[in-house]
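Below is one structure; the comments refer to it alone.
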Amino acid sequence: MDSILNLAANTQEHRVVVGVAIAVPLRRVFHYLVPADYAIEPQAGMRVKVPFGKSTKIGIITECLSVAQWEETSKLAASTHAANIDNQASSHSAALLKQPGEQQSLLANPPAVAALKTLLSIIDSSPLLPDSLLQLYFWLEKYYHAPPGEIWQTLLPVALQKGQPAESPRESRWCITPQGEAALQQNRLAKNAVKQRLALDSLSQHADGIAHEQLQQHQLSLATMKSLAGKNWVIRRFQQVSDNNQNHHRGSVIHSHNQLDLNAQQAAAVSQINQSLNQFKSFLLFGITASGKTEVYLQVIEKVLASGKQALVLVPEIGLTPQTLSRFQLRFNAEILLLHSAMTDQQRLQNWLKARSGQASIIIGTRSAVFTPLKHPGIIILDEEHDLSFRQQQGFRYSARDVALVRASIENIPVVLGSASPSLETLMNVHKGKIEAIHLTQKAKATNELNYRIIDLKKQAIQQGLSIELIQLIKQHLNQQGQILLFLNRRGYAPVLLCHDCGWSGSCSRCDIHFTYHHQNHFLQCHHCGSSRKAPAQCPDCYSEQMVPVGHGTERLQESIRQLFPQAKTARIDRDTTRRKSAMQEFVTAVKSGEIDILIGTQMLAKGHHFPDVTLVALIDMDGALYSADFRAPEFAAQLITQVSGRAGRANKPGEVIIQTHLAEHPMLHQIIFEGYASFADAALAERIETELPPFSYSAMFQAESPHLNATQKFLDDVKEILLRYQNLNVELLGPAPAIYTKKAGKFRYQLYLQTTSRNQLHQLLALTLNDIEALKSASKVRWRVELDPMGDY
DNA sequence: AGCACGCCGACT
DNA sequence: GTCGGCGTGCTC
C-alpha cells in the first residue's frame, strides 16, 4: 500500500504515459494516460483497453513514460523530425543484437499531454511476454519497419488479441446430482422428455461426468443440460486446469527410449553442439539425406531437457508435424506439444500458455511458433532451413529462420539450422564465420548410391510428356518391384485449354493468366485467385468443338501412366487430392505398405516423407526451373533436386534419379549431380558476389496494389521521389515496374526494388522516409507494404 | 484497418 | 422526400 501511495504522490517520476501498439496499419504507437492511482503499475507487454477513434480497442503497451519524459520526447520529435537517426537495426540477422532497447518511437506529430486520452483498463496484471520476447519485438520493429500493431498480431495468439485472459481456462464437467439419480431411478421424468432421459442415463454411467466440450459427442445438447440443471438434477462443475504440474520433469530423470547408435560424425556433431548449450551460438547441420540429422537433434534435445530447459523445434509444414511429433513421443516421456495454424484459437492459446509456463518441454511448430514464449529456453532447432515456407508471405512478412537466429542471440541459447541443401544466405554466414557448419557426409543407415541420369528431351521421342527412355525405366523398375515417384510441379490436367480452330484460350479476367484445365470435374481454374468456371465444350468465340488441352499437369500425367501401365496402381498427391485433412496421411500409409506402385505428385511430395521402397525418382519437367528469369531459380532447382533425390534408394535397393529437361547441358545440373550441392552452392555464391546480388547485397521492396493501374504507379512514383531526397545514401532504386504477375484477383500490382551493399544505409533510408511515405495522399488509394529481404515471386 | 462524414442517384 | 453508394480523412 505504502509503495502505491508513494508512487501516486511522486507523479513526476511515476510513469503515467504509455505507448500502445494497436492493430492498425500505421507505423506508430498511440499514447495514453494511465488513470491516477490505477491499481496496476503499467509495464511494457501488458494488454490495455483503450478508446480509439469512436470505438475501443485492445492494444499492447510498448513503452512507459513519465509526463516529463513524454513532454521531452514530443519537443524533441517536433524539432528534429526526420533528422539524426542513429545507426538503425543491426547488420545481418545473424549479427548480434545492438542495444535492443526501449528507444521511443519517432513521432511526426506528438500531441500535448492535455490532448492524450486516458486508457480504460489494463487487462494483464503482469506482462504477457518474457523480456526476451519484448526485445525481439523491438528488433522486429526496427528490422522489418513494420507497423507495431501488425507485429503484435503475429506475435500473440488470436485469443489473446481478442482480450481473453492469459490463463488456462477452467475445465467444466456436467455431473448428475443425487436428486437426478433418484429422479432417474424413480422414473420421474415426463414421458416425452426423451432427450432429458437420455442425458441422465449417460451421465449416470459417467461417474466423473462429461466434459462440457464433449457434450456433442455424447449427443447431448446444451439446452437439455440447462433445463435439467434448472431442476437441480445435473450440475456443471468447474475446476481450474491444474498448473501445479509445471515443470514436472525438472530435476527428474528424462526417460528416453529407442536411442540409436551414432556414427562418428553424428557423435561429433552432438558433442559440438552440447558444448555450447548455455550460450548463443548458431550451427548449420549440413547433412546429406539419410545422414541422421534427426537423431542428432534428439540427442541434443535430451541433454537440454535433462538440464530442465525447453526445446523449440521448427519445421516447414504442418504436414510434417505429426510425423515429427510421433518420433519425439517415442523418444521422450516429457510433454511435447504442437503449435501450427490448423489448430483452433483455444488450442493454440492453451499450448502457448503451456510453453510459457514451462509445463511443456518440447514445442514443435511451423514458422509462427518461432515467437512462442519459453520459461526456460534451451535450444532452437529449425529443420529444412532452406525451405521457403519459413517466410511469412501474408501480412507482416518475416523469415522465421532469421528471427530464430536473432531470438537465440537474445535468449543466449544455441540455434541449429538443419538442411541437406542450405540456402545461400546461410552458407554465406558460414563463410563469414557467423554460423558454424557441422557436416554430416556419411549415411547413418546403409543405403545404396544413387544413379543420376539426365534425359535430354531435345533428342527424344516424347509420349504423353514422358520420354521413351523414362517409360522404359519405369517398366524396368516395376518389374523389379520397385516403387516409383514422379514429380511434376504443376497440378491440374493441362495449363491451357485451347480452341484448335480459332486459337481462343481461356484466361482469368481478374489475373490475366491462363486457366488451368481440370479434367476430372471438367472445369477451368485460375491458380492465382482460385476462381473457377465450367470448361466450355464449345469455343465461346467460334463455337468449334475442337477444344484441346495443351501441356501436362499431374492429373494428366496420372492418366498417361494409367494408359501406359494399366496394371500398376497409381496415386496422385497434390493440393487437389489432399484437401481432406487426413488424406495425406492415408496416402503415406498406402505408399509405405506397398499398395502403390507409382506415385505422382507436386513439390508437396519432396518434403520429408520417407518411402523406403522407392527405387526410381523422376523429375518430369525441369525446364521451368532452369529457364526462369529469377536469379534464385538455379538455387531453388538445386534444392529441389537434392530433396527429391533424398526420396530414392533409402533401403537396400539401388536408387535412380532421372531429370527430364530440354536444357540438359545446363552446368548447374551437372554440378549438382556429379559434385554435390555444396560444390554447386560454392559456385553460385561466387557468382552472387560477382554480380552483387543477394545475399551479397541487401534489398527491400515496396509493393503496391490497387484496382486502378495508375494509382499504383502514382504511389510508387511518389515513393521514389521521396527516396531520392537521400541520394547521399548508397541505395540503388529499380523501378517502379510491374510485378511478375501484374494482375491478381482484379488488382494491378507494381513494385519498387531497393538494393544496396550497405544494410545500414538501407535501414537508415527507410527509417528516414517511411513517415512521409505513409502520409502520402497517394498511399491511401492503394494497398502497399515494404518487404525486407524479398524473395522473388510476388 | 475500421469508422464516420459527406455529397450525389433510384426508390417506398 | 430519404436510403445508400463509396471517396476522403482520422485515429493518442
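Keep in mind the model is a prediction, meaning the values are calculated, not measured. Below, all heavy atoms of this structure are taken into account, side chains as well, without hydrogens, waters or symmetry copies. Each chain gets a letter, A, B and so on, in the order the sequences are listed, and its residues count up from 1.
Think of the region where chain A sits on DNA chain B: with heavy atoms and a 4.0 Å cut, that region ends 5' and 3' at B/dA1 to B/dC5.
With rounding to whole Å, A/F52 atom CZ is found 6 Å from C/dC12 atom P. Between the CG atom of A/L116 and the P atom of C/dT11 there is a distance of 12 Å, rounded to whole Å. A/R28 places its CZ atom 10 Å from the P atom of C/dC12, with the value rounded to the nearest Å. Counting to the nearest Å, the P atom of C/dT11 and the CD atom of A/E774 are 13 Å from each other. A/I60 has its CD1 atom 17 Å from the P atom of C/dC12, to the nearest Å.
Under the ring-ring contact (aromatic ring centres under 6.0 Å, His included) criterion, A/F523 pairs with A/H518, not counting sequence neighbours. In terms of the ring-ring contact (aromatic ring centres under 6.0 Å, His included) criterion, residue partners of A/H528 (sequence neighbours excluded) are, by chain and number, A/Y741. By the salt bridge (charged side-chain N to carboxylate O under 4.0 Å, His left out) test, A/K743 pairs with no residue at all, sequence neighbours left out. Checked against ring-ring contact (aromatic ring centres under 6.0 Å, His included), A/Y32 has no partners two or more places apart in sequence or in another chain.
Residue-level contact check: A/L26 touches the bases, meaning some heavy atom is under 4.0 Å from a base atom. Within the nucleic acid shown, A/Y32 comes within 4.0 Å of sugar-phosphate atoms alone, with no base atom in reach, counting heavy atoms only.
Under the 4.5 Å side-chain criterion, counting only non-hydrogen atoms from C-beta, A/P694 is in contact with A/F631.
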Any protein N or O atoms within reach of nucleotides 4-9 of chain C? Criterion: under 3.5 Å, listing atom names and distances.
unit_1, atom_1, unit_2, atom_2, d
C/dG9, OP1, A/K777, NZ, 3.3

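When each of A/K54 and A/K57 is assigned the nucleotide of DNA chain B bearing its nearest heavy atom, the one mapping closer to the 5' terminus is A/K57.
Sorted by first then second residue, the salt bridge (Lys or Arg N to Asp or Glu O under 4.0 Å) pairs that include residues 720-731 of chain A, not counting sequence neighbours, are A/R725-A/D772. Under the salt bridge (Lys or Arg N to Asp or Glu O under 4.0 Å) criterion, the residue pairs touching residues 119-140 of chain A are A/R47-A/D124, with sequence neighbours excluded.
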What pairs of donor and acceptor atoms, side-chain ones from residues 149-159 of chain A against any protein atom, are under 3.5 angstrom apart with sequence neighbours left out?
unit_1, atom_1, unit_2, atom_2, d
A/T154, OG1, A/I151, O, 2.8

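Aromatic ring pairs are classed by plane angle as parallel below 30°, tilted from 30° to 60° and perpendicular above 60°; the pair A/W139 and A/Y143 is parallel.
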